Student: 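I have a structure here, written as structure tokens, and I will follow up with some questions on it.
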Amino acid sequence: MGEILEKAKEAVKAIRKEVKTKPKIGIILGTGLGKLAERIKNKKVISYKDIPHFPVSTVETHAGRLIFGKLGKKDVVAMQGRFHYYEGYSMREVTFPVRVMKLLGVKTLLVSNAAGGLNPQFTAPSLMIITDHIGLFMPENPLRGENEDEFGPRFPDMYNCYDKDLVNLALEIALKEKIKVERGVYVYVPGPNLETAAEYRMLRILGADAVGMSTVPEVVVARHMGIKVLGISVITDMGLPDALEPLSLEKVITNAGKAEPLLTKLMEKIVERL
Ligand code: HPA
């Protein structure tokens, strides 16, 4: 048995002692988007520190716990607090919870993040349904090293990486609920510094609409295992190289907070229809 599989099985064993439900929907709650957690009913919460092999979150704005419960009528498992490469974790650590979700029976992963807007037609704050990503700036691919065939193939296909049916469902619901959404390509950068004007320009030229420091590692690992993915970015600031303004974490969090009610509603309606 591969090392990650072995560790993930141990994590699942500990979780199963606490939780009996078998959610098919996994959710990763990103920066400032934690309010969706409050909508989960009949909660059973497990701290990351109580799960074997789970890394422990270091970023203050991210709580570190798995939340099991019902969102509407659906069983879900939500990660409140995720891991970033810039915190010092390896990509295998960053993506370990997604391996665990797979073993728990998750078939669909919903991920959110905060991102800088690169497309000049966007404004901040706003929401962007991710249609594709650029992951080539990952300093280390989470699938690097011996492939664990039990999880997926050596060379996983990235066709339909962000599930087209889920993208269409999100767009349909957004239209019905009168929630304005953009759609576009998310590019991963390792961070933790934000981009220079020249870097924002470069990323735009490469074809990206938004830039951020998360999501892509987890999505690659989810796709490795055949989990369907829907990703939504909160555009918290604009990375316009010719009109750049100073950016603080406070602004990112404030703007994420402004978009939060709409994203929460969108996500809830999406889960209802899965
Ligand atoms: N760049 C990278 N990551 C981000 C940004 C940004 O401008 N905004 C929020 N997360």
Side-chain angles (χ1 to χ4, degrees), residues 12 15-16 18-48 51 62-82 97-98 100-114 125-131 160-183 214-215 218-219 222-223 225-235 256-274:
V12 168
I15 293 167
R16 286 260 180 264
E18 306 289 326
V19 195
K20 301 298 166 212
T21 57
K22 302 225 161 125
K24 291 194 171 63
I25 301 166
I27 306 173
I28 303 177
L29 305 162
T31 305
L33 309 172
K35 289 262 163 61
L36 189 64
E38 292 170 15
R39 306 286 303 165
I40 300 174
K41 305 298 171 205
N42 300 327
K43 274 202 207 43
K44 178 77 206 176
V45 175
I46 307 180
S47 265
Y48 292 163
I51 308 173
H62 295 69
R65 47 199 211 145
L66 273 188
I67 303 173
F68 291 81
K70 289 227 185 275
L71 196 54
K73 295 195 174 87
K74 303 275 166 65
D75 282 316
V76 300
V77 49
M79 275 181 79
Q80 196 177 39
R82 61 137 63 101
V98 184
V100 172
M101 280 189 182
K102 172 71 183 182
L103 297 193
L104 286 171
V106 165
K107 308 279 186 227
T108 304
L109 181 67
L110 309 176
V111 300
S112 69
N113 58 53
S126 59
L127 300 178
M128 183 188 90
I129 313 286
I130 303 176
T131 54
N160 204 29
C161 187
Y162 295 84
D163 190 84
K164 289 192 178 66
D165 293 336
L166 293 177
V167 167
N168 286 334
L169 176 65
L171 292 172
E172 182 196 319
I173 293 170
L175 190 66
K176 190 163 162 240
E177 299 295 327
K178 299 192 166 57
I179 298 171
K180 183 169 188 275
V181 292
E182 310 289 354
R183 63 189 97 172
S214 67
T215 303
E218 294 109 316
V219 169
R223 294 305 301 143
M225 304 181 292
I227 295 176
K228 285 186 190 176
V229 174
L230 175 70
I232 304 182
S233 292
V234 177
I235 307 296
K258 283 185 194 162
E260 190 167 289
L262 291 179
L263 180 57
T264 304
K265 187 170 169 188
L266 186 59
M267 280 288 197
E268 266 191 295
K269 298 273 175 191
I270 289 167
V271 167
E272 214 177 286
R273 295 272 301 272
L274 290 178

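Note that the structure is predicted; figures quoted are calculated from it, not measured. Quick note: numbers below take in every heavy atom, side chains included, and nothing from hydrogens, waters or symmetry partners. Along the sequence shown, residues carry numbers from 1.
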Student: Please list, chain by chain and in numerical order, all residues satisfying side-chain hydrogen bond (donor to acceptor under 3.5 Å, both in side chains) with Arg183, sequence neighbours excluded.
Tutor: none
Student: Please say whether more than 12 non-hydrogen atoms of neighbouring residues, nucleotides or ligands are located less than 6.0 Å from NZ in Lys176.
Tutor: no
Student: To the nearest 0.5 Å, what is the distance between CG on Leu36 and CG on Leu110?
Tutor: 9.0 Å
Student: Within the supplied structure, the quantity of interest is the number of heavy atoms (other residues, nucleotides, ligands) at a distance under 6.0 Å from Lys43 NZ; does it exceed 12?
Tutor: yes
Student: Might you work through the side-chain contact (heavy atoms from CB on, under 4.5 Å) test for Leu262 and Val181, ending with a clear yes or no?
Tutor: CA-CA 10 Å; Leu262 291 179; Val181 292; over 6 Å; no
Student: Side chain of Glu18, backbone of Ile15: donor and acceptor closer than 3.5 Å?
Tutor: no
Student: Begin with the C-alpha distance, continue with both residues' side-chain angles, and end with the deciding distance and a verdict on side-chain contact (heavy atoms from CB on, under 4.5 Å) for Ile235 and Leu127.
Tutor: CA-CA 6 Å; Ile235 307 296; Leu127 300 178; over 6 Å; no
Student: Any chance you could measure Met267, atom CE, to Ile232, atom CD1, to the nearest 0.5 Å?
Tutor: 4.0 Å
Student: Is there side-chain contact between Val19 and Leu66, with at least one heavy-atom pair below 4.5 Å?
Tutor: no
Student: Quick one: salt bridge (charged side-chain N to carboxylate O under 4.0 Å, His left out) partners of Asp163, sequence neighbours excluded?
Tutor: none
Student: Hey, is the main chain of Gly105 close enough, under 3.5 Å, to the side chain of Lys22 for a donor-acceptor pair?
Tutor: no
Student: Would you say Ser112's side chain and Gly30's backbone share a donor-acceptor pair under 3.5 angstrom?
Tutor: yes
Student: Quick check: are there more than 12 heavy atoms from other residues, nucleotides or ligands sitting under 6.0 Å from NZ of Lys20?
Tutor: yes
Student: Any side-chain heavy-atom pair from Val98 and Lys102 closer than 4.5 angstrom?
Tutor: no
Student: Does a donor on one side chain sit under 3.5 Å from an acceptor on the other, for Thr21 and Asp75?
Tutor: no
Student: Does the side chain of Leu71 come within less than 4.5 Å of Ile27's, by heavy atoms?
Tutor: yes
Student: Any side-chain heavy atom of Val229 within less than 4.5 Å of one from Tyr162?
Tutor: yes
Student: Strictly by modelled atom types, are Arg82 and Ser214 linked by a side-chain donor-acceptor pair under 3.5 Å?
Tutor: yes
Student: Taking all non-hydrogen atoms of both residues, which atom of Ala256 and which atom of Val234 are closest, and how far apart?
Tutor: CA-CG1, 4.0 Å
Student: Is the NZ atom of Lys164 crowded by more than 12 outside heavy atoms at less than 6.0 Å?
Tutor: yes
Student: Answer yes or no: are there more than 12 heavy-atom neighbours, outside Lys228 itself, under 6.0 Å from its atom NZ?
Tutor: no
Student: Determine the minimum heavy-atom distance between Arg16 and Leu103, stating which atoms define it.
Tutor: NH2-O, 4.3 Å
Student: Would Leu230 and Ile129 count as a side-chain contact (heavy atoms from CB on, under 4.5 Å) if you check the C-alpha gap in whole Å, the side-chain angles of each, and the deciding distance to 0.1 Å?
Tutor: CA-CA 8 Å; Leu230 175 70; Ile129 313 286; 4.2 Å; yes
